[in-house]
Structure formats: structure tokens, C-alpha cells
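Below is one structure, written out as C-alpha cells; the observations come after it.
In each ligand, atom 1 is the first atom listed, and ligand 1 is the first ligand listed.
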Amino acid sequence: MASRVPICVNDFRVFAKERLPKVWFEYQDGGADGEQTVEDNVEAFQRLRLRPRVLRDVSNRDLSTTILGTPINCPIAVAPTAYHQMSHPEGEIATAKAAAGTCMILSSHGSNTHLRDVTAAVSPDSLLWIQLYLYKDRNVTRLMVKMAEKSGYRALVLTLDSPITGKKLKDSPCVYPSLLYRLPNIEAEKSKNVVRNIGFDMSATWSVIDWLDSITTLPIVVKGILTAEDTREALKHNVAGIIVSNHGGRQLDGVYATIDALPEVVEAARGSNVEIYVDGGVRKGTDVLKALALGARAVFIGRPILWGLAYDVSLIVSMSLCMGIHMRWKGASGVKQVLDILKEEFSLAMALTGCRTISDITSDLVISPSKL
Ligand SMILES: Cc1cc2nc3c(=O)[nH]c(=O)nc-3n(C[C@H](O)[C@H](O)[C@H](O)COP(=O)(O)O)c2cc1C
């Protein structure tokens with residue numbers, strides 16, 4: 001049982017489990033098949049050990065960095081996840097507000113909020129990237145790209161690990177979230193019925209990156225690469241970044257944990273100026289430090305954001321003589337708390353391993369289990 005005041009990211013999971021309807025919690029929490037990869041993403045971080053340095057004046061730490069040239073206050077950012085309104089009525093807008101100072105990737109297909117409304121609700125210097133799937137109908141992808149460019153998104157994140165949706169044993173068809181929630185980005189162009197049958201393009205090959213590049217001025221980040229072979233393929237195209245990801249273990253069960261895959265991707269990209277990021281299983285500040293030590297420029301987090309969103313959904317009814325009854329959802333401060341806890345833990349991990357700046361976090365700080 002979590003303490004009543006959450007002190008670590010996993011406490012938010014316990015609260016979300018208590019507060020959300022079981023089927024929704026399981027939709028968010030679960031993964032493909034036997035969920036081996038969901039667990040392994042977390043456990044692989046725990047298998048790695050740290051080799052701290054001492055006496056390095058860590059009295060002031062600078063956690064700031066850049067991604068694709070834009071400054072962020074810390075290398076912890078928000079992965080694209082669907083259906084934020086399942087966790088909180090303010091949905092993606094609350095998440096985007098809480099992510100101020102870092103980067104948020106909005107799921108275009110699965111967002112309950114129109115992508116234009118998300119950028120309109122946050123300050124213009126917020127860093128928002130948009131995640132795309134490839135639809136059979138390329139026009140839908142093209143329209144999404146154009147809307148994203150117009151609305152101020154600063155990069156396109158193309159998810160490559162989902163030519164088809166993985167098999168999740170816990171998802172029940174009768175409560176499948178797309179039947180309950182709006183998906184305004186795709187509904188804008190198509191009728192609901194068509195959208196539900198829209199389908200991803202299973203026939204896509206690497207040339208699709210060139211097609212995407214030809215229709216946009218935005219940098220392209222590819223998400224869902226786990227191998228050196230695919231990294232080398234990606235480098236042949238105009239890709240600015242790679243997110244090492246297995247979709248949080250929701251697509252192909254039994255694949256490599258992402259932190260285990262990271263070194264081969266980093267090695268294959270060495271010498272290029274493509275930035276490498278990682279997501280999957282990041283739950284602690286030391287996980288962030290391990291990922292950076294192994295070559296990631298930043299980490300992205302998925303489920304913990306949704307748990308944070310679900311943390312504070314209590315409805316406040318306040319009465320005042322002049323305003324009558326005023327109802328207000330407490331803001332999604334839970335997301336900010338999740339990000340703040342991770343940031344504090346990361347700062348602590350830097351201090352205790354002798355790092356003052358991000359560039360002090362080097363590969364010799366981590367030792368893999370095979371070397372123990
Ligand atoms: C509920 C849920 C919905 C997701 N929806 C998307 C999505 O729409 N597009 C996408 O590229 N990835 C999606 N992902 C995968 C995340 O972007 C990310 O890869 C993963 O959650 C990272 O693992 P973590 O949850 O352990 O942090 C989703 C993940 C979850 C848990």
C-alpha cells in the first residue's frame with residue numbers, strides 16, 4: 001500500500017489503481033500477451049549497477065540540456081500516450097501544462113483533445129512534438145502533419161513498431177476506450193465510422209521516411225527502434241532523432257528491454273548527429289541517470305504520467321454568495337508531482353555519483369550484470 005502522500009513514482013500507480021475503474025487501469029497498465037516485456041523494461045534498469053565517483057564538488061547541479069536544439073530544464077520528457085481523459089477530465093491539456101519546461105509528445109491518433117487546442121492552451125514557448133501513425137490513407141497522415149505544423153508542433157515523431165496493434169489479453173472489446181472517448185484529430189477529417197476502420201499501413205517500408213520528409217519542414221524522430229540494423233537503416237534517411245522504444249511492452253511481447261537495447265543503437269549511431277532517446281520502464285531518478293550514462297540524450301515516460309493525471313480527480317464544489325455554485329476540477333497537479341519527483345531523484349542521483357552537469361554522466365558510471 002502506498003503512503004497517503006506519494007513519495008515515489010510507484011505510489012502514483014497504487015493511487016491510480018484505487019481510483020480508476022479496473023478496466024481502464026488495466027488498459028493503461030497492461031501490455032502484450034504475458035507482459036514479459038512490460039516487466040523486463042522495469043527490471044532491466046534494476047539489473048544495472050552504478051559506479052559512483054566522489055569528491056567532485058556537487059554543491060550545484062545543472063540538469064538542463066537540449067533536444068533537437070531546444071533547451072529543456074531536465075532530460076525527462078513525456079512519451080505519447082492515448083486517452084488522457086480516461087485519467088482526468090482535463091486530459092492532454094493538463095498534461096501539456098504540467099510538462100512546461102520539458103517536452104511533451106502528443107499522441108495524434110489517441111488524443112482526446114484536438115492537437116490545435118493543446119498548443120492553444122499552453123504558453124508559446126512550450127515544447128510540443130506530435131506523434132504520428134501511418135494510415136493506409138496517406139492523406140490522413142498528410143492532413144495531420146499540416147495541422148501540426150500550423151499549430152506550432154516542433155517535430156514529427158513517427159511510430160514504427162505498430163504496423164498492427166499487439167494482442168493485449170486484458171483489453172475487453174466492450175470497454176475499449178475508443179468507443180467511449182472522442183478522437184478529434186482523426187474525426188476532424190473522417191466520420192467516426194470510417195476512423196474506426198481506418199487501419200495502419202502494414203505495407204510501409206523505409207521509403208516512407210522520405211515521403212514524410214518531402215511533405216514537411218519539421219524534423220523527423222522515429223520511435224520504436226531496438227536494433228543496430230534498424231538504426232543503420234534510419235541513418236540512411238533524414239532522421240533527426242531515434243526513440244529506442246518497445247511501446248512500453250504493448251506490441252511484441254518478449255522483445256528486448258529498452259535499456260538493454262539502448263547501447264547497440266547508440267553504438268550504431270555513433271558519428272552521426274542523430275539524437276538517441278529511450279522510453280520504457282523509467283520509474284526512478286537512477287533510471288534516468290543509467291539511461292543517460294548509456295548514451296540517451298533524454299528519457300520519455302509513459303504510464304507514470306497517466307498515473308499522475310489520475311491522482312487528483314476529486315471534484316471541488318465551492319459556494320460563494322456572488323458566484324453561486326462553482327465547480328472546478330483540481331488541476332492535474334499529479335503529473336507535475338510525478339515529473340518533480342523524478343527530477344529531484346535524478347538530481348540526487350547526480351550528486352551521489354559525482355555529476356554536476358549532464359555531460360559529467362558518462363558510461364563508466366554504469367556496470368552491466370554480465371560484468372559483475
Ligand atoms: C496507455 C498507453 C497508450 C499509449 N499510446 C501510444 C500512442 O498513441 N502512440 C505511441 O507511439 N505510443 C503509445 N504508447 C507507448 C508510449 O509512448 C511509450 O512508448 C511507453 O508507454 C513507455 O513505457 P512506460 O509506460 O513504461 O514509460 C502508449 C502507452 C500506454 C501505456
Considering only non-hydrogen protein atoms, determine which one is nearest to atom 7 (C) of ligand 1 and report residue, atom name and distance to 0.1 Å. Y133 OH, 3.2 Å

Could you go through F200 and H109, starting from their C-alpha distance and side-chain angles, then the distance that decides it, and tell me whether this counts as ring-ring contact (aromatic ring centres under 6.0 Å, His included)? CA-CA 11 Å; F200 299 149; H109 185 100; 5.6 Å; yes

Does the pair D161/K223 count as a salt bridge with the N-to-O cut at 4.0 Å? no

Please could you name the atoms of ligand 1 that S245 approaches to less than 4.0 Å, counting only its heavy atoms? 19 (O)

Looking only at protein heavy atoms, what sits closest to atom 8 (O) of ligand 1 is S107 OG, 2.8 Å

Heavy-atom distance to atom 16 (C) of ligand 1: which of G280, G302, P80 wins? P80

When you measure from the side chain of N185 to the backbone N and O of S108, does any donor-acceptor pair fall under 3.5 Å? yes

With a 4.0 Å cut-off on heavy atoms, does G110 reach ligand 1? no

Within-shell test, I243 vs ligand 1, heavy atom, strictly < 4.0 Å: no

Identify, for atom 3 (C) of ligand 1, the protein heavy atom at the shortest distance, and state residue, atom and that distance. A82 N, 3.3 Å

Students should be able to answer this: which protein heavy-atom is nearest to atom 11 (O) of ligand 1, and at what distance? T159 OG1, 2.8 Å

Looking only at protein heavy atoms, which one is nearest to atom 19 (O) of ligand 1, and what is the separation? D279 OD2, 2.7 Å

May I ask you to check if ligand 1 and Q131 share an N or O to N or O distance below 3.5 Å? yes

Among K223, Q28, M86, closest by any non-hydrogen atom to atom 31 (C) of ligand 1: Q28

Please work out which of Q251, R250, H109 has its closest non-hydrogen atom nearest to atom 2 (C) of ligand 1. R250

Can you pull out the closest protein heavy atom to atom 15 (C) of ligand 1? Residue, atom name and distance to 0.1 Å, please. H247 CD2, 3.5 Å

Once you measure the plane-to-plane angle for Y311 and F15, does it fall in the parallel (<30°), tilted (30-60°) or perpendicular (>60°) bin? perpendicular

H247 vs Y133 aromatic rings, parallel, tilted or perpendicular, using cut-offs 30° and 60°? parallel

Looking only at protein heavy atoms, identify the closest one to atom 24 (P) of ligand 1 and say how far it is in Å. R303 NH1, 3.5 Å

Please assess K168 against E35 for the test salt bridge (charged side-chain N to carboxylate O under 4.0 Å, His left out), listing each intermediate value before the final yes or no. CA-CA 9 Å; K168 301 193 196 77; E35 300 184 349; over 6 Å; no

Ligand 1 to G281 polar contact by distance, N or O atoms, under 3.5 Å: yes

Enumerate the atoms of ligand 1 whose separation from the nearest heavy atom of L306 is less than 4.0 angstrom. 1 (C)

For the side chain of E264 and the backbone of E229, is there at least one donor-acceptor N/O pair under 3.5 Å apart? no

For the backbone of Q36 and the side chain of D253, can you confirm whether one donor and one acceptor N or O come within less than 3.5 Å of each other? yes

Any Lys/Arg nitrogen of R47 or D260 sitting under 4.0 Å from an Asp/Glu carboxylate oxygen of the other? yes

Under 3.5 Å, N or O to N or O, is Y27 touching ligand 1 that way? no

Residue and atom name of the nearest protein heavy atom (relative to atom 26 (O) of ligand 1), distance in Å to one decimal: R283 NH2, 2.7 Å

Does a side-chain N-to-carboxylate-O contact under 4.0 Å join K284 and E345? no

Cationic N near anionic O, under 4.0 Å, K336 to D340: yes

